[in-house]
Amino acid sequence: MRHQFVKLYQGGLAYRGERIVNWDVAAQTTLSELEIDREERKGQMSTLRYQLADPATPASNGEAGEILIATVRPETIFADQAIAVHPDDERFRHLIGLQARIPLTKRLIPIIADEAVEMGFGVGALKITPAHDPTDFEIGERHGLARPSVIDLNGNLTSDLVPEAFRGLERFAARKAVVKALEAEGALVEQKDHVTAIGISERTKVAVEPIVSTQWFVNMKPLAARVLEGLDAGDMKLLPERYTKVNRDWLENIRDWNISRQLWWGHQIPAWYDEEGKVYVPSLQNPDLDCDQDPQYAHLTLRRDPDVFDTWFSSNLWPFSTLGWPDLASEDFQKFYPTQVLVTGYDILFFWVARMQMAGYAQTDRAPFERIMLHGLYLDEKGQKMSKSKGNGIDPLELFGQYGVDASRFAFAFLSTGGQDIKHDPRRYEQGRNFANKLWNAARFATLNFQKADEAGLLGESGTDDAQMVFKRYVHHALYERSDDPIRSRDALAQVKAQPELLTLADRWIISRLDAVTREVSGLLDALDIGAAIRALYSFTWDEFCDWYIEAAKPALQEGRLGTLVTVKAVLEHILKLLHPVMPFVTSELYQSLGHRRQLAVHTWPEGDDSLHDDEATRAFETLRAAVSAARSLKNELGLSPQERLNIALDGEKAGVVLDNRAVVEGIARVNLVPSLEGRTLSAVEAGLSVLAPLEGTVDIADWLGKQKKRLTELDKQISQAQGKLGNAGFVARAPAEVIEEEQRRVQDFSAQKVRLEAVLAQF
RNA sequence: GGGCGGUUAGCUCAGUGGUAGAGCAUUCGCUUCACACGCGAGAGGUCGUAGGUUCAAGUCCUAUACCGCCCA
């Protein structure tokens, strides 16, 4: 911080000067623009009558010999230095350069013209009080006006300019007293309600008082310009991209930064003053040497500035002060700077991010980071910002206690999308908790099956010539804690995939899906889309791995099939690795329970492997899923309980695939596949497949027929829609070939379904 | 005044120009040998409104209404 300040000061970018600053009368300190909230408050706008020096002057916005001005702060009239009008305002043109008298004290002030005056505001003319308003301060600077103050640091009226009756009055009490006096004198023309945006101290909630004071500032324009160049050059990318404009706009309209604070805590400013008030700051060569210890100043009596730095003046050093700066040759700095990604909420884009950008270039001549990911704010259940004063905060520790840390992390991640704010929703934590539980139970299922296989002697190590020994060891490893894996799960997958005779269709399917999901998740994380990544993992783990794969694997596991044991272990371990960043605790625990001692966090991240791809298995398994769903649906229709077995028959061109894997379908859906059925049948019609069931049990035929007719209408609609597209010359000419083929496929598929459905309905 | 985001199922929200999705809630069935924090089968949206672009729009463009945020 010292180095930063010295470098800025010696480079002419930090300076001490008299400026208008925001004063917090409660905290007794200055505030930066960012520490102030704007609030709309009801107040009064007063129109005041100022007498012109020459009573014969023609009328402008009032009677002859007077000018009316509008103000929301009548108590500051004693510090007035001018009346300002817009140079183009016809009403006042003849008054520019003349003089008017402040009411009550009758002091003369000039009438000036300045573009900053809004012609439409109030009565067109404003009193200019440079010491008590930032805009007035600027106008005063342009016109060389003095800036006497009439309000002290406690917010009370003070100064010889103020009539004795008002001296010492608190600013808001003074306002009332002055208005009363103005009214008595006939200087108050009118007072009407007016809503003004006023500055409120974020911390003390007190109205900020603009005062003129000598403070330390940083000249921001050159620093901001360097960042803008960097943004142009693409040194830093913001995510979401729309914040780039916000970032730029702020930098382009930046004002000098008041960095000195009158607080007891904080880093004291390394500046000293001699008895004449001259400033001494350490040299660039030896920034750590206090000036009052510096032999070259031994002849002087130096006093250190009691003020401290604004807290962000240290925070902005974070990207490099953590890496060895100011030693730019340090190992950490060389290796890690610029950092790859900064993750933070968009609400501190100006406070922190922009200042790190400026400090980065100023101190290291480089951008501090490559990517800036701005996430949304976590809001309460009603969508309001959490704040101490509102008392609507949510204690994360309570949530952790209630749902678990992993469940909470899951909730944050699942809800995060593109920098959108997040509304608190306990249901998302329940979802996370349930998911952790699901994962736990899936792992338990796996371990139980490994144990069963071991007990059945399937994992025995006798016969070292066994070509499958490596797979046996791989599964066996899950049952005992060892320091290293005999084989990594990614290698196990690749090797077992190379021996298709070991695998079932379900195994090949889940391995192929795992590969696709691994790539998808890696890509999403690279793009910093954590929400999409966790959503993909959630649905893969629950809907595909647990609901379909584990169920489909049960028959093979009953048989003690080695390839399936390997697949279960390897896929589960992969899932644990992919989930680990979001749910570190449960995944670590489960990973260790599978025989690993090494921390999951230090494992390599799973990568895609083309050899795991299996489109044929994917398509075939989709057919099995359709068959199972259709069979279950029929059982529901027939009012059968899940454990009652139903005889079903198949129809359609994909029936063969189902028959090849009949154990899976019969096991999951609890049905018996029979070659054909006697008598009338119900059917569930799917793409390429119909599942037929005998008409028995408690089925409501009318209800079923109604549904099927609706389905038939739906099929007709789909067919005619697709045919309509194919009959459209524009579509055929311009749509991509895949899309056209897809429509053709749909026509065929729906037509085939229609034929099969009609055949079944013909029985009734 | 300027800028940004949002508006999709009852609720909270995803959605990449090509057949609208999730969790919860809801209806029906199930203690099926990992899990009732569970399993299965359902029901439920003309994607704020009005135009436009396109073979094709929840998605792109314009306007507009409402909600919210930032800056002045």
Side-chain angles (χ1 to χ4, degrees), chain A residues 33-34 38 118 120 134-135 197 240 242-243 245-246 249-250 253 346-347 349-350 376-377 379 381-385 403-404 407 411 414-449 452 524 527 529 531-532 534-536 538-539 542-543 546-547 550-551 553-554 557-558 568 628-645 667-670 684 707 714 717-718 721-722 724-736 738-740 742-743 746 749-750:
Chain A
E33 299 290 328
L34 295 174
R38 295 271 153 199
E118 273 183 65
T135 312
R242 63 173 183 275
Y243 283 110
K245 191 169 173 288
V246 181
D249 288 351
W250 191 74
N253 298 304
Y346 66 74
D347 57 329
L349 175 58
F350 306 141
L377 306 185
L379 308 175
E381 273 168 291
K382 291 177 193 155
Q384 297 169 315
K385 238 189 241 186
Y403 301 101
F414 198 91
L415 289 169
S416 76
T417 45
Q420 285 314 335
D421 288 349
I422 293 170
K423 215 188 281 191
H424 178 65
D425 185 352
R427 293 174 300 185
R428 215 47 77 179
Y429 291 76
E430 282 170 24
Q431 189 181 356
R433 182 199 58 192
N434 294 352
F435 185 48
N437 187 249
K438 188 76 178 174
L439 197 61
W440 182 271
N441 280 300
R444 199 160 73 101
F445 170 84
T447 306
L448 286 172
N449 278 281
K452 267 195 257 171
L524 289 168
D529 193 344
I534 189 65
R535 285 189 291 271
Y538 175 83
S539 104
W542 197 309
D543 303 338
C546 291
D547 285 353
I550 286 183
E551 293 306 318
K554 281 176 180 174
L557 290 170
Q558 289 288 339
V568 167
V628 169
S629 291
R632 284 167 170 169
S633 185
L634 283 172
K635 286 183 72 173
N636 252 284
E637 205 77 58
L638 291 163
L640 298 178
S641 70
Q643 62 269 43
E644 288 179 90
R645 296 197 85 91
I668 301 181
R670 285 165 201 269
K707 281 185 197 163
E714 183 64 21
K717 198 178 130 198
Q718 302 275 16
Q721 250 177 25
K725 281 190 188 179
L726 291 167
N728 179 335
F731 176 76
V732 179
R734 297 180 201 224
E738 312 91 72
V739 176
I740 295 171
E742 174 69 11
E743 290 301 323
R746 292 183 68 194
D749 185 39
F750 291 137

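Bear in mind that the values here come from a model prediction, so they are computed numbers and not experimental data.
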- request: Establish, with yes or no, whether the OP1 or OP2 oxygen of rC30(B) is under 4.0 angstrom from a side-chain nitrogen or oxygen of K635(A).
  value: no

task: Can you tell me, in whole Å, how much space there is between the C1' of rU8(B) and that of rA22(B)?
output: 13 Å

- prompt: Can a side chain N or O of K717(A) be found less than 4.0 Å away from OP1 or OP2 on rU19(B)?
  reply: no

field: Interatomic distance where CZ belongs to F350(A) and P belongs to rC69(B) [whole Å]
entry: 16 Å

message: Would the distance check show the side chain of K385(A) and the main-chain N or O of L377(A) forming a donor-acceptor pair, the cut-off being under 3.5 Å?
response: no

message: When the C1' atoms of rA57(B) and rG17(B) are compared, how many Å lie between them, rounded to an integer?
response: 6 Å

- prompt: Once the angle between the rings of W250(A) and F350(A) is folded into 0 to 90°, is it parallel (under 30°), tilted (30 to 60°) or perpendicular (over 60°)?
  reply: parallel

- request: Go ahead and name the base partner of rG1(B); Watson-Crick or wobble counts if both distances stay under 3.5 Å, otherwise write none.
  value: rC71(B)

message: Under 4.0 Å, heavy atoms only, any strand: does R444(A) hit a base, just the sugar-phosphate, or nothing?
response: sugar-phosphate

query: Base, sugar-phosphate, or nothing: which does R427(A) touch, judged by heavy atoms less than 4.0 Å apart?
result: base

message: Please classify the nucleic acid contact of S629(A) as base, sugar-phosphate, or nothing, using heavy-atom distances under 4.0 Å.
response: sugar-phosphate

- request: Confirm from the modelled atom types if E551(A) and rA34(B) form a donor-acceptor pair under 3.5 Å, side chain to base only.
  value: yes

- prompt: Quantified in whole Å, what is the C1' atom distance between nucleotide rU27(B) and nucleotide rA43(B)?
  reply: 7 Å

task: Fit a plane to each ring of F414(A) and Y538(A), take the angle between them on a 0 to 90° scale, and name the class: parallel (under 30°), tilted (30 to 60°) or perpendicular (over 60°).
output: perpendicular

- prompt: How far does the C1' atom of rG45(B) sit from the matching atom of rC13(B), given to the nearest Å?
  reply: 14 Å

- prompt: Within less than 4.0 Å of OP1 or OP2 of rA72(B), is there a side-chain N or O belonging to N253(A)?
  reply: no

query: Below 4.0 angstrom, N of the basic side chain to O of the carboxylate: do R427(A) and E430(A) qualify?
result: no

task: Could you check which nucleotide pairs with rC13(B) in any of the strands shown, counting Watson-Crick or G-U wobble with both distances under 3.5 Å?
output: rG21(B)

Donor-acceptor pair present, K725(A) side chain and rC55(B) base, under 3.5 Å: no

task: Name the residue closer to the 5' end of RNA chain B, choosing between L448(A) and D425(A) according to the nucleotide with the nearest heavy atom.
output: D425(A)

message: Once you apply a heavy-atom cut-off of 4.0 Å, does R535(A) come out as touching a base, just sugar-phosphate, or nothing?
response: sugar-phosphate

query: Which is true for D547(A) with a 4.0 Å heavy-atom rule: it touches a base, it touches only sugar-phosphate, or it touches nothing?
result: sugar-phosphate

